[in-house]
Amino acid sequence: MRQFNVQIADHAQKYLDVEVPDLADHICDPPSADLGDLSLPCFLLAKALAEAPTATAERLAGKTWDIPWVESVSPAGPYLNFKFQADKFSRQALAQVLDQTEVWGSSEVGQGITVLVEYSSPNIAKHLAVHHMRSTMLGQSITNLLRCAGFSVTSWNHLGDWGTTFGKLLAAWELFKERDDLDSPALEERTDAISDLNSLYVAFNEATKENPELEDIARKWFKKLEDGDPQARARWERIRNVSLARFNLVYDRLGVHFDRVIGESHYQQGMVDVVEQLTESGLLELSEGAEIVRLSDDIPPMLIRKQDGATLYSTRDLASAIERYHQVAFQRCLYVVDAGQGLHFRQLFEVLKMLGYDWADDLEHTEFGIMRLNIEGNWKKGKTRGGQVVLLEEVLDQAVELAANIVKEKNPDLPDQELDEISEAVGVGAVVFSDMKAARRKDVNFDLDKILSFDGETGPYLQYTHVRFCSILRKAQEQGIETGDGSRLDQPSEIILLKRVLRFPDVILRAARDAEPSQVSQYLLELASEFNTYYAKHRIISEDLQLSGDRLALIEVLRSTMKSGLDLLCIRPIERM
RNA sequence: GCGCCCGUAGCUCAACCGGAUAGAGCAUCGGAUUUCUAAUCCGAAGGUUCCAGGUUCGAGUCCUGGCGGGCGUACCA
């Protein structure tokens, strides 16, 4: 749409002999389609000319607008409204999209700029739970958006694979063989190794209550791990591997992929180095037996080492940030982590700045609202005490099962394999979309009933709309109808749809800039809604072959836009359902 | 106490970096299917955009001060 807006803005400035920067950005839709197809607010022009906006609009309306696709201009108070010459606009709009249909929506504004995006970052030896979905899907979608805008992106998974937890697991591996021997059957051969690790971990913690000396044993095991003891190391690696394998099953279903998977375990040396740097630069000080870095007055100091000398996640994050910059010389680095950690990141960024890393200014905490679970009737943050987490896999399975029932009912003739594929896409799509629909800062209440309702503004609605496009195109192909150039597209609803399609690239840019996938979600909902309204009123394929061809071209660009949009959101576009 | 985020229809959310009459979905009620899939569409009803000031041609949007909610606030991550 940009090209059209720019033409109007350029002409207006030429006619009035003034310059207003970014005038084209202010062009908008009139509140109602019968006022016109585009509107130029004249406030800025009027200000530059020191006259009343209504006068400016009047004067501009008096000019002869030699833009081929503009049929007429009319002033409405301080606005100047443009009515399109439908055939010319439609043809030009369609040509613009079809010209670049392979890359429609993408751009090169990010050319030569590197972005690192950290997201997901679960703890190993545990299941992915529903609350992991937020970071995981937002992060993946932001990665997709940035790539689409031409940035070079490294996606980064910062695994929680280090700490006293693993001392406990290793201790339990050795001491709890009678309860469950992780070597027989071997961890790798179990159907649900993660759950087995979990119950062992819970059992160990229980036992600690009666035998506090177990804590010491666990600490010793962790020490062995840190010191590189072969047995400890080997077992830890096995735990890590089975965890990753399990994560990857879910990541695959969700369309999630990482360029780097690097756990906290990787920063042993880095932490030593960064503590040394802090000491040398005189930033580290002793306070209440712990080592801290004092920051500006309005935020509390950052804790670097505990009283017992152990490091904290802040230390690991410092080391990790430095390592990241060494590995990927980024111009922007996003941490897709929940808003509850805001203070931690402010501290982290400030300490890095104090260490003299000027790239610390390029770090961003891409915060998102917390997910609340319904615990005994109240919405609470998903800190489940009794180990009662809602597993992400189970939610996905439930959604897929429900989708399968509906697909079977609506489309009984589908072969089994296709039915499975479609149900998977629809069920997972519903879950993913429910997480990506609202602005990321909003807190979300995890409401399974809502996620599993496939009516209204949902993932399945978008997929259903995509299916409609595909059905029409399939039928047209069977009948051998050729797509036209669009000159017969003159219905107001057709102009509205074309304008919507042309805005797609701008939506992507905005979404990438703001790290806000919901802008794409909202855009696709509007696209779908406008199309479904149109679809209810107009036939695409009719006896009028020329008109059919032109409408088919419209369907083709709609389909292509919807497909790309769904891809960006990690929702699979399907052709039947 | 202090810091960050949020406050729009009964509920969940939009509103294109300040623009014309604040829009959707869900829920409620009423309608539409011999047609390219009704997971859809159309209509009705639903609002003091938390309150009070300020900035200006113009504020849901920006500023100040309140009120309400969430999260965080030194050895968890």
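Letters A, B, ... mirror the listed sequences (proteins, then strands); counts begin at 1.
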Using the aromatic ring of A/Tyr79 (for Trp, its six-membered ring), decide whether it stacks on the base of B/G19 within the limits of 5.5 Å and 30°.
no
Report yes or no: is the ring centroid of A/Phe43 under 5.5 Å from the six-membered base ring centroid of B/G58, with the two planes under 30 degrees?
no
Picking from B/U73, B/A38, B/C36, the nucleotide nearest the side-chain atoms of A/Pro300 would be B/U73
Would you call A/Glu494 and A/Arg551 a salt bridge, using N to O less than 4.0 angstrom?
yes
Among residues 531-543 of chain A, which residues get a heavy atom nearer than 4.0 Å to RNA chain B?
A/Asn532, A/Thr533, A/Tyr535, A/Ala536, A/His538, A/Arg539, A/Ile540, A/Ile541
Check RNA chain B for consecutive Watson-Crick or G-U pairs with both distances under 3.5 Å and list the runs of at least three as stems.
B:1-7 with B:67-73, B:10-13 with B:23-26, B:28-32 with B:40-44, B:50-54 with B:62-66
Among the nucleotides B/C36, B/A20, B/C13, which one has an atom lying closest to any side-chain atom of A/Lys442?
B/C13
Checking contacts here: which listed nucleotide (B/A24, B/A77, B/U37) is nearest the side-chain heavy atoms of A/Glu457?
B/A24
Of the listed B/C4, B/A74, B/C76, the closest approach to the A/Ser287 side chain comes from B/A74
Qualifying residues under ring pair (Phe, Tyr, Trp, His ring centres under 6.0 Å), relative to A/Tyr461, sequence neighbours excluded
none
What nucleotide among B/G70, B/A77, B/A74 has an atom nearest to a side-chain atom of A/Ile370?
B/G70
Qualifying residue, where the test is ring-ring contact (aromatic ring centres under 6.0 Å, His included) with A/Trp162 and the options are A/Trp236, A/Tyr267, A/Tyr313
A/Trp236
Do the side-chain N or O atoms of A/Arg500 get closer than 4.0 angstrom to the phosphate oxygens (OP1, OP2) of B/C16?
no
From CD of A/Glu478 over to P of B/U37, roughly how many Å is that when rounded to an integer?
10 Å
